[in-house]
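Report on the structure given below.
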Amino acid sequence: MAKDFDPSGRLPDIFTNAGTSSFTQFLTHAAPEMLPGRRPLPPGLAGDMAPHGTTIVAITTAEGVVMAGDRRATMGNLIASRDIEKVHPADAYSLIGIAGTAGIGIELMRLFQVELEHYEKIEGIMLSLDGKANRLAGMVRGNLGAAMQGLAVVPLFAGYDLSPADPAKAGRIFSFDVAGGLYEETGYDSIGSGSLFAKSALKKKYRTGVSTQDAIRLAVEALYDAADDDTATGGPDVTRKIYPVVMTATAQGTHRLSEEEISAVAEQVVAGRMENPGG
């Protein structure tokens, strides 16, 4: 008979006792092998064995934040996917985008969504935006071992702060490093291999208090510029009708632009670059 076999068919006590409001901490005790950063890995670097996703941009607006991501995933010099989605709602008022090892990044993103939902169910209230960012930093830190073997994931987190210190700055953006370092950004930020070019584009055109509609256009233009100089970033694909994923977070909650809405913006950007390739 297996050592841990329970013939009664009852769940272990950890599933029935009052526990922590952190789902990640619960998994650490109940099933640590299910956490992305706790799985044993073979020795050596493994970064080139899995698809990688880039590029994500986030912009604060007068109404909240805009986050957008291109649709390409690469594996070495190959395009692994043309239509991957790297921007998702974290909860009702926040957004998360991932760059790096796509499989681990998507798993971490889904775990973060469950983490926030679990906290709200246990505590009866929503975590503050700072609290959400700190929880995500801990999860990134837990993947450090895999990151050192080439399977790094770096998220970009943004949201609408329901209790801001300054009501004019309710939209906030947080960036991370592979060791779980947490940094609040001002105005805009970008992650991924095309981030240098995306941030350079935003640096020239971003203005404090920009409207959500103008920020959407800026985000698509920044991704276009990133794709122009970074082979791992995919620009708007008019032929295949594949466009960036663009989401907003405002006082009304999170919203994903429809295919019709984002295609109209993307086609305007492409048409403008046909007349002026430099933007």
Side-chain angles (χ1 to χ4, degrees), residues 47-48 50-60 65-88 95-106 108-109 140 147 150-158 173-178 183 185-206 210 215-240 242-247 257 262-263 265-270 272-274 276-279:
D48 292 336
H52 280 63
T54 57
T55 298
I56 311 295
V57 299
I59 303 170
T60 60
V65 292
V66 169
M67 184 178 289
D70 80 303
R71 304 289 295 276
R72 179 175 292 179
T74 59
M75 192 159 57
N77 65 318
L78 301 177
I79 297 177
S81 174
R82 298 181 188 276
D83 58 359
I84 187 174
E85 297 185 359
K86 295 171 281 188
V87 175
H88 299 268
L95 306 168
I96 179 173
I98 56 101
T101 307
I104 294 178
I106 291 171
L108 184 142
M109 176 272 299
V140 174
L151 299 175
V153 174
V154 179
L156 188 60
F157 179 66
I173 301 171
F174 299 89
S175 65
F176 307 81
D177 60 34
V178 293
Y183 316 95
E185 306 294 340
T186 301
Y188 59 87
D189 196 35
S190 179
I191 58 172
S193 63
S195 61
L196 173 65
F197 310 109
K199 284 194 283 190
S200 295
L202 291 172
K203 184 176 182 179
K204 296 296 183 181
K205 294 190 174 183
Y206 174 79
V210 65
I216 291 169
R217 172 69 182 253
L218 284 178
V220 175
E221 287 190 354
L223 290 175
Y224 186 103
D225 286 335
D228 201 33
D229 289 294
D230 174 45
T231 57
T233 303
D237 192 332
V238 179
T239 303
R240 297 182 177 88
I242 299 174
Y243 303 104
V245 173
V246 181
M247 297 194 68
L257 270 67
I262 193 57
S263 66
V265 176
E267 288 171 8
Q268 288 174 7
V269 171
V270 172
R273 294 306 175 92
M274 292 291 286
N276 179 15

Query raised in the report: To the nearest 0.5 Å, how far apart are NZ in Lys199 and OG in Ser190?
Result: 6.5 Å

Query raised in the report: Hey, are the side chains of Leu223 and Val269 touching, using non-hydrogen atoms and a 4.5 Å cut-off?
Result: no

**Report entry** Inter-residue atom distance Ile84.CD1 - Ile79.CD1, 0.5 Å rounding
**Finding:** 13.0 Å

Report summary line: In this structure, NZ of Lys204 is separated from CD of Glu221 (nearest 0.5 Å) by 14.5 Å

Query raised in the report: Rounded to the nearest 0.5 Å, how far does CG of Asp189 lie from OG1 of Thr60?
Result: 11.0 Å

Query raised in the report: Could you give the distance from CD1 (Ile104) to CG (Leu151), rounded to the nearest 0.5 Å?
Result: 4.5 Å

**Report entry** Minimal non-hydrogen separation, Ser193 against Ala232, with atom names
**Finding:** OG-CB, 3.4 Å

**Report entry** Which atom of Ala99 lies closest to which atom of Ile191, heavy atoms considered
**Finding:** CB-CD1, 3.8 Å

Report task. Drop me the distance from Asp83's CG to Arg240's CZ, to the nearest 0.5 angstrom. Result -> 10.0 Å

Query raised in the report: What's the shortest heavy-atom distance between Ala68 and Val87, and which atoms?
Result: C-CG2, 3.7 Å

Query raised in the report: How about Leu218 and Leu202: do any of their side-chain heavy atoms sit closer than 4.5 Å?
Result: yes

Report task. Write down the atom of Gly235, the atom of Ala227, and the distance for their closest heavy-atom approach. Result -> N-CB, 3.3 Å

Report summary line: Shortest non-hydrogen pair, Asp230 vs Gly194, comes out as OD2-N, 3.3 Å

Query raised in the report: Is the closest side-chain heavy-atom distance between Asp177 and Tyr183 below 4.5 Å?
Result: yes

Query - Sidechain-backbone polar pair: Thr101 side chain, His52 backbone, donor-acceptor under 3.5 Å - result: no

**Report entry** Side chain Arg273, main chain Asp225, donor-acceptor under 3.5 Å
**Finding:** no

Requested in this report: Determine the minimum heavy-atom distance between Ile242 and Arg82, stating which atoms define it.
Outcome: CG2-O, 3.4 Å

Report task. Check whether any side-chain heavy atom of Asp228 sits under 4.5 Å from a side-chain heavy atom of Phe197, and report yes or no. Result -> no

Requested in this report: Could I get the full list of side-chain hydrogen bond (donor to acceptor under 3.5 Å, both in side chains) partners for Asp229, not counting sequence neighbours?
Outcome: none

Query raised in the report: Can you tell me if Arg71 uses its side chain to pair, donor with acceptor, with the backbone of Tyr243 under 3.5 Å?
Result: yes

